[in-house]
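Here the structure comes first, spelled out in structure tokens, and everything after it is commentary.
In this text, all values refer to a predicted model and were calculated from it rather than measured experimentally.
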Amino acid sequence: MNDKQLVAITAASQVQDGMIVGLGTGSTANYFIEELARRQREEGLNIRAAASSVVSGIKAEQLGLPLIALEHLSSIDLYVDGADEVSPDLTLLKGRGYDLVREKLLARAAKQFVVLVDRSKQVGRIGEKFPIPVEVMPAAWRLVQASLQTSFQALGGRAELRQNAAKDGWAITSHGSLVLDLVFEAVADQQPETHWLNQQLNNIPGVVEHGIFVDLASTVLLADNGKLEEIRKPA
Ligand code: 5RP
């Protein structure tokens, strides 16, 4: 069993009868969906699921998990998803997979948000390994790009439109938005403070959502070569 499977199976063992469970997106979330479906099939676990993307919804459907559409939800019991980066205060960077909007909605709606990572996802600060994905209204992408570059000029902020996987067009999210990948060219000790950056991004018109998840994770399940660690949000 690899580390992604280990955290996914551990999270699935915490799911209880009657829960509404949010399904994340990505390779780790896929292992979780598979294990949840196995528990439903073999143990008669009775749950309903809410998908964070078209991809996770189709996977859940193929495995026989009953789905509830987002518009029928006002809260969920548990949301389980991977992340691209996790900082020491459990702030996350997400969105490499273009599914930010529904992911953040489910994370916010959940009584518990369990994040599944391996050691490679642990960082000292958000943005250390990946650009910050900023989802934008298609018609507003140039205006948002200009706002980002003006707001973060002093830090060497640069935002590039994300290409699709084939590199022959632009990436379109499952919400129908474009993505600007934001990087800071300033030296390491002049990188923006994450909570401040989160607020700045929240205030730019035309930004639909962005990949910084502040104060949303309840628990991080982290595996490192088969060793499992559970990191809880500080009280
Ligand atoms: C998608 C995400 C994923 O959870 C994140 O990219 C991690 O993916 P993986 O589990 O494949 O490493 O945020 O938007």
Item to check | Polar side-chain atom of N164 near backbone of D168 as donor-acceptor pair, under 3.5 Å | outcome: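 Side chain of N164 to backbone of D168: a pair is present.
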Item to check | Minimum heavy-atom distance between L23 and S56, given as atom pair plus value | outcome: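 Closest pair (atom of L23, atom of S56, distance): O-OG, 3.7 Å.
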Next on the checklist: Quick check: closest heavy atoms across G95 and L100, and the distance to 0.1 Å?
Outcome noted: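 G95 and L100 have their closest heavy atoms at CA-CD2, 3.9 Å.
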Decide yes or no for [X] and [Y]: does some side-chain heavy atom of the first lie under 4.5 Å from some side-chain heavy atom of the second?
X    : Y    : value
W170 : Q163 : yes
V55  : K59  : no
H210 : E135 : no
L148 : Q145 : no
D181 : V183 : no
F32  : V114 : no
S87  : E128 : no
Q40  : L65  : yes

If Ile, Leu, Val, Met, Phe, Trp and Tyr residues are connected whenever their side-chain heavy atoms lie under 4.5 Å apart, and connections chain through other members, are [X] and [Y] in the same group?
X   : Y    : answer
I9  : L45  : yes
Y31 : L222 : no
V15 : I20  : no

Test of understanding: with side chain to side chain donor-acceptor pair (under 3.5 Å), list the residues that count as partners of [X], not counting sequence neighbours.
X    : answer
E61  : none
N203 : none
E42  : R38
H195 : D89

Item to check | Non-neighbouring partners of R119 that pass salt bridge (Lys or Arg N to Asp or Glu O under 4.0 Å), sequence neighbours left out | outcome: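 Once residues adjacent in sequence are excluded, the partners of R119 under the salt bridge (Lys or Arg N to Asp or Glu O under 4.0 Å) criterion are D224, E229.
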Item to check | Separation between CG of L63 and CD1 of I58, rounded to the nearest 0.5 Å | outcome: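 Here the interatomic distance stands at 12.0 Å.
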Next on the checklist: Nearest 0.5 angstrom please: I126 CD1 to L197 CG, how far?
Outcome noted: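 Going from CD1 on I126 over to CG on L197, the span is 10.0 Å.
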Checklist entry - Hey, are Q200 and S151 close enough side-chain-wise for a donor-acceptor pair under 3.5 Å? => result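 Result is no, nothing qualifies.
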Item to check | Under 3.5 Å side-chain donor-acceptor pair for D99 and S174 | outcome: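 Present: a donor and an acceptor within the cut-off.
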Next on the checklist: Counting only heavy atoms not in R48 (residues, nucleotides, ligands), do more than 12 fall under 6.0 Å from its CZ?
Outcome noted: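 It does not: R48 CZ has 12 such atoms or fewer within range.
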Item to check | Audit row: D17, I47, side chain to side chain contact (heavy atoms under 4.5 Å, CB included) steps and yes/no | outcome: CA-CA 6 Å; D17 246 1; I47 55 123; 5.6 Å; no
Next on the checklist: Is the ring pair F213/F113 parallel, tilted or perpendicular, if the boundaries are 30 and 60 degrees?
Outcome noted: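 Geometry flag for F113 against F213: tilted rings.
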Next on the checklist: For F184 and F152, take the angle between the two ring planes, folded into 0 to 90°, and tell me which bin it lands in: parallel under 30, tilted 30 to 60, perpendicular over 60.
Outcome noted: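 F184 and F152: perpendicular rings.
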Next on the checklist: Enumerate the side-chain hydrogen bond (donor to acceptor under 3.5 Å, both in side chains) contacts for residues 101-114, please, sequence neighbours excluded, ordered by first and then second residue.
Outcome noted: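 Qualifying pairs: D77-K111, K94-E103, K104-E209.
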Checklist entry - After noting the C-alpha distance and the side-chain angles of V7 and D118, does the key distance pass the side chain to side chain contact (heavy atoms under 4.5 Å, CB included) rule? => result CA-CA 8 Å; V7 285; D118 59 28; over 6 Å; no
Item to check | Check against side chain to side chain contact (heavy atoms under 4.5 Å, CB included), I212 and L93 | outcome: CA-CA 5 Å; I212 303 176; L93 185 69; 4.3 Å; yes
